[in-house]
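Numbers restart at 1 for each chain; the letters A, B, ... are given by sequence-line order, proteins then strands.
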Amino acid sequence: MLSAMPELPEVETVRRGLAMAMEGRRIAAVTLRRNDLRRPFPPDFALRLTGRRIVEVGRRAKYLTFFLDDDWVLLGHLGMSGRMLVGLAHPGPPGKHDHVLFDTDDGRRIVYQDPRRFGLMDLVEAARLTEHPLLRGLGPEPLDDAFTPPVLSAALAGRNGPIKTALLDQKLVAGLGNIYASEALFRAGIAPDRRASTVAGRRAAKLVPAIKAVLREAIAAGGSSLRDHRRPNGELGYFQHAFAVYDREGQPCPGCDCATGIRRMVQSGRSTFYCGKRQN
DNA sequence: CGGCAAACCTGCGAGC
DNA sequence: TGCTCGCAGGTTTGCC
């Protein structure tokens, strides 16, 4: 079984689990249990997948990319509450939020489950994948070598809003979400409400490695299970135990002995967690 | 273009 | 117990 609440590390954990179960397999059947998620499924969705072999399961930012043997790609996003569960082909009756069932030719069933239905699925020609409207504007992959301090500070130049909000903008760098933006800023010692354009030079040189490190560590931990994230073998991801600041309001700061401890504020409608002394 | 609020949905826990 | 409210790991849209 496998599930995720997805930022980049959770999606990467899902990708790895799905690759194990699906790469090289043929899709024997697809069952759609409703006709839309965030948007409608593309026409003939199940029909176009049935009989196809899955060549590779990839990831771009928080999107999953299932490369098929007819040179099309199934593009998927898990939204806030999407999960991919790998199980046996003949389980009990589908649950209330089991929206898509994929049966593979070796007798397994992959269930797409998504209570809030903020996820989506689409089909796109492989040759046009990067031109897809949902992928076209995405910034660099944070774990790529091409994501460097100069690249980040160039992207931040001219942005007057806070750095934390900027890090959530997928056009700038693609894959960070609310947890890892807070965690990376803590590690870099940068205040979340600092003006984005002032994160350059020395600060950018700290922030980029902090982003890479927190994402790598989270992937190695199987992601963060705040609610019900599961790894392919059924175990919890455990990076939530390594949070320095996220969801730790009022608890002691792990980096200093300040009296206030970890604080919470709201930026663009989302919670930000930080240490007021160590970050500036 | 930048920046913010609201919208899309359901579920859960806290507080009364 | 049961209700209401606030909050949730994401993204898009519409409005200034």
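- Residue A:Lys62 has no polar side-chain atom (N or O) positioned under 4.0 Å from OP1 or OP2 of C:dG9.
- As judged by a 4.0 angstrom heavy-atom cut-off over every strand, A:Leu134 is placed among residues touching the sugar-phosphate backbone only.
- C:dC16 is paired with B:dG2 under the Watson-Crick or G-U wobble criterion, all donor-acceptor distances under 3.5 Å.
- Between A:Asp247 and A:Arg264 there is no salt bridge, since no side-chain nitrogen of the basic residue lies less than 4.0 Å from a carboxylate oxygen of the acidic one.
- One finds a side-chain N or O of A:His97 lying less than 4.0 angstrom from the OP1 or OP2 phosphate oxygen of B:dG11.
- The CG atom of A:Leu138 sits 14 Å away from the P atom of C:dG10 (whole-angstrom rounding).
- Residue contacts shown for A:Tyr246 are limited to sugar-phosphate atoms, with no base heavy atom under 4.0 Å away.
- A:Asp36 and A:Arg34 are joined by a salt bridge, as a carboxylate oxygen and a charged side-chain nitrogen come within less than 4.0 angstrom of each other.
- When the C1' atom of B:dC8 is taken as reference, atom CZ of A:Arg39 falls 13 Å away, rounded to whole Å.
- Applying the Watson-Crick and G-U wobble criteria (two distances, each under 3.5 Å), C:dG9 pairs with nothing in any strand.
- Spacing of P atoms, C:dG14 relative to B:dC9, comes out at 15 Å, to the nearest Å.
- Remark: the separation of the P atoms in C:dG6 and B:dA5 is 16 Å, to the nearest Å.
- Going from atom CZ of A:Arg34 over to atom P of B:dT10 covers 8 Å, rounded to whole Å.
- Both A:Phe118 and A:Thr165 lie near DNA chain B, and the one whose nearest nucleotide falls closer to the 5' end is A:Thr165.
- A:Lys171 comes within 4.0 angstrom of nothing in the nucleic acid, heavy atoms only.
- Residue A:Asn178 places its side chain closer to C:dG10 than to any other of C:dG10, B:dG11, C:dT12.
- When rounded to the nearest whole Å, the span between CD of A:Gln267 and C1' of B:dG2 equals 16 Å.
- Regarding A:Met265, its CE atom lies at a distance of 12 Å from the P atom of B:dC4, rounded to whole Å.
- Nearest nucleotide to the A:Ile179 side chain, out of B:dC4, C:dG9, C:dG10: C:dG9.
- Taken together through direct or relayed side-chain contacts under 4.5 Å among Ile, Leu, Val, Met, Phe, Trp and Tyr, A:Leu75 and A:Ile110 form parts of separate hydrophobic clusters.
- Between A:Arg264 atom CZ and C:dG9 atom P there is a gap of 9 Å when expressed in whole angstrom units.
- For the pair A:Arg117 and B:dT10, the criterion of a side-chain N or O lying under 4.0 Å from OP1 or OP2 is met.
- In this model, the phosphate group of B:dC4 is approached by a side-chain N or O of A:Ser268 to a distance below 4.0 Å at OP1 or OP2.
- Rounded to whole Å, the distance from CD on A:Glu249 to C1' on C:dC7 is 13 Å.
- Atoms CZ and OH, on A:Arg194 and A:Tyr274 in that order, are 14.5 Å from each other to the nearest 0.5 Å.
- In this structure, the CD atom of A:Gln170 is 9 Å from the P atom of C:dT12, given to the nearest Å.
- The phosphate of C:dA8 has OP1 or OP2 within less than 4.0 Å of a side-chain N or O from A:Ser271.
- Residue-level contact check: A:Asp114 touches neither bases nor backbone, having no heavy atom under 4.0 Å from any strand.
- Two different hydrophobic clusters hold A:Leu18 and A:Leu120 under the rule that ILVMFWY side chains link at heavy-atom gaps under 4.5 Å.
- In summary, A:Asp106 and A:Arg108 engage in a salt bridge, as defined by a charged side-chain N under 4.0 Å from a carboxylate O.
- Here the NE2 atom belonging to A:His132 is positioned 12.5 Å from the CZ atom belonging to A:Arg128, to the nearest 0.5 angstrom.
- In terms of phosphate contacts, A:Arg159 brings a side-chain nitrogen or oxygen within less than 4.0 Å of OP1 or OP2 of B:dG3.
- Contact annotation: A:His77 side-chain N/O to C:dT11 OP1/OP2 distance is under 4.0 Å.
- In the interface, the side chain of A:Arg270 is not paired with the base of C:dA8 through any donor and acceptor atom under 3.5 Å apart.
- For A:Arg116, counting side-chain heavy atoms from C-beta on, the closest listed nucleotide (B:dT10, C:dT11, C:dC7) is B:dT10.
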